[in-house]
Number of protein chains: 2
Amino acid sequence: MSTLGPGEATELWLRWKRAHELVRAAVIAETTAASGVSEPELGVLVCLHESGGSLRQNALAATLGWDRTRLSHLLTRMADRGYVARDKVPNGVEVTLCPAGRRVIDMTLPTLETATRCHLLDRLGPDDAKTLKALIDRLLSSEEAAAETGTG
Amino acid sequence: MSTLGPGEATELWLRWKRAHELVRAAVIAETTAASGVSEPELGVLVCLHESGGSLRQNALAATLGWDRTRLSHLLTRMADRGYVARDKVPNGVEVTLCPAGRRVIDMTLPTLETATRCHLLDRLGPDDAKTLKALIDRLLSSEEAAAETGTG
DNA sequence: GGCCAAGTGTTGACATATCAACAGTCTACT
DNA sequence: AGTAGACTGTTGATATGTCAACACTTGGCC
């Protein structure tokens, strides 16, 4: 029993999408200008970087929450440009960050950090930032729980 | 001066994207199953519906936060399928919801409402829902203010 | 060995988004 | 009138994402 009237969930949904899109567009504009790579590409590079430089393709897809196909196509393009390398290993493929990819990360992570603060955190109060963090944690954990029990 | 350490904004950014994606995927799966139209298409239909059934193409693009080109291509496909109609009016084009589009709206809005509650609101407490609303409002208003002053 | 099922990744056809260039239509100014 | 500039929308080339079908490997089982 919530405090929302009819149609309010839909309204909230639309506003949430819009807020996310606005922030996202602003952040991406900066990171793309700084790095020359698109948001999905940067996502792959960051993910590899945070995992120590290499990751199974399967794990990469799971971490990003992507389809195998999408990742495969994107990695093909990124490998062509020298950002990553693919090596066959037992039971899968290992994706590794190449020097060019590392360079992009080094150039872009500071920009991403700044842009996130500017377009997301600084537009909220410090307390709101904590609140947002808590909300996100709750959503993530509950979604994961739902996925495990097959509710999603 | 926030309470976050180095890299934490980036971390928050990644988690936010992921949480949004998880919820979005779950909601879209239901609405698409119920309506047969994709999320962007449904967005257009909802927007028209909330505006009384018709809207200038320009206003539609602004409301959705989209590029003109993207909307133009999408409307062409939707008009081909009979969801909307385009009429030339002084200084622009008016987009109108057609019967088929109305039918989709009627079938899908309840699903969207339910899915949003299920995958977003019910995973937060009632208080969190209010908090989320407040956060979204703040982001939207501050982004709009930034856009007006050219800060974005 | 031979077989089947699950897991992993690729491929090609198709849908959709993005980008740059174009065309039309107002408005203001001379 | 005539022209320049802003606004609105379209078009076609290209990039990216999605879907279904295929190949390859692994492990269990008879």
Side-chain angles (χ1 to χ4, degrees), chain A residues 17 20-22 24-29 31-33 35-45 47-48 54-81 83-96 147 150, chain B residues 17 20-22 24-29 31-33 35-45 47-48 54-81 83-96 147 150:
Chain A
K17 279 202 308 181
H20 187 265
E21 260 320 296
L22 279 169
R24 186 168 155 271
V27 171
I28 291 175
T31 57
T32 298
S35 66
V37 304
S38 68
E39 189 213 4
E41 287 170 330
L42 183 59
V44 167
L45 295 177
C47 203
L48 288 173
S54 65
L55 212 49
R56 284 286 178 81
Q57 189 162 326
N58 188 28
L60 192 51
T63 307
L64 292 164
W66 289 1
D67 186 64
R68 294 179 221 298
T69 304
R70 179 183 178 188
L71 182 58
S72 182
H73 281 304
L74 182 57
L75 285 180
T76 300
R77 297 187 294 259
M78 292 180 73
D80 286 347
R81 297 200 219 161
Y83 292 132
V84 299
R86 283 199 269 200
D87 300 292
K88 212 164 167 355
V89 296
N91 202 359
V93 170
E94 186 154 73
V95 186
T96 310
Chain B
K17 279 202 307 181
H20 187 265
E21 261 319 296
L22 280 169
R24 187 169 155 272
V27 171
I28 292 176
T31 57
T32 298
S35 67
V37 304
S38 69
E39 190 214 3
E41 287 169 331
L42 184 59
V44 168
L45 295 177
C47 204
L48 287 173
S54 65
L55 212 50
R56 283 286 179 79
Q57 189 163 327
N58 188 29
L60 192 50
T63 307
L64 292 165
W66 288 2
D67 187 63
R68 295 193 180 79
T69 304
R70 180 182 178 190
L71 182 59
S72 183
H73 281 305
L74 183 57
L75 285 180
T76 300
R77 297 187 294 259
M78 293 179 73
D80 286 348
R81 296 201 219 162
Y83 292 132
V84 299
R86 283 200 269 200
D87 300 292
K88 211 166 169 352
V89 295
N91 204 358
V93 170
E94 186 154 72
V95 186
T96 310

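To find a chain, count down the sequence lines: A is the first, B the second, and so on, and within it residues start at 1.
Nucleotide D:dT16 holds its P atom 11 Å from the CG atom of A:D80, rounded to whole Å. Computed from coordinates, the B:Q57 CD to D:dT8 P distance equals 11 Å when rounded to whole Å. Distance A:M78 CE to D:dG17 C1': 15 Å, rounded to the nearest Å. D:dT8 atom P lies 13 Å from atom CG of B:L60, rounded to whole Å. If you measure from atom CG of A:L75 to atom P of D:dG17, you get 11 Å, rounded to the nearest angstrom. Between the NZ atom of A:K88 and the C1' atom of D:dT26 there is a distance of 11 Å, rounded to whole Å.
Contact check, A:R70 against D:dT16: no side-chain N or O comes under 4.0 Å of OP1 or OP2. Between B:N91 and D:dT8 there is no side-chain N or O to OP1 or OP2 distance below 4.0 Å. Residue B:R86 places at least one side-chain N or O closer than 4.0 Å to OP1 or OP2 of D:dT10.
B:R24 is listed as a side-chain neighbour of B:E39, based on a closest heavy-atom distance under 4.5 Å. Side-chain contact check for B:E41 versus B:L74: some heavy-atom pair is nearer than 4.5 Å. Using a 4.5 Å heavy-atom cutoff, the side chains of A:V89 and A:R56 are in contact. Put simply, the side chain of B:V44 reaches to within 4.5 Å of the side chain of B:W66, judged on heavy atoms.
At least one donor-acceptor pair under 3.5 Å links the side chain of A:T32 to the backbone N or O of A:I28. The closest donor-acceptor contact from the side chain of A:S35 to the backbone of A:T31 lies under 3.5 Å.
Here B:P40 lies in heavy-atom contact (under 4.0 Å) with sugar-phosphate atoms only.
In the 5' to 3' direction, nucleotides of DNA chain C lying under 4.0 Å from heavy atoms of chain A begin and end at C:dT8 to C:dG12.
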Next on the checklist: One pair to check against side chain to side chain contact (heavy atoms under 4.5 Å, CB included): A:V37 and A:M78. What are the steps and the verdict?
Outcome noted: CA-CA 10 Å; A:V37 304; A:M78 292 180 73; over 6 Å; no

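No N or O donor and acceptor, one from the side chain of B:H73 and one from the base of D:dT10, sit under 3.5 Å apart.
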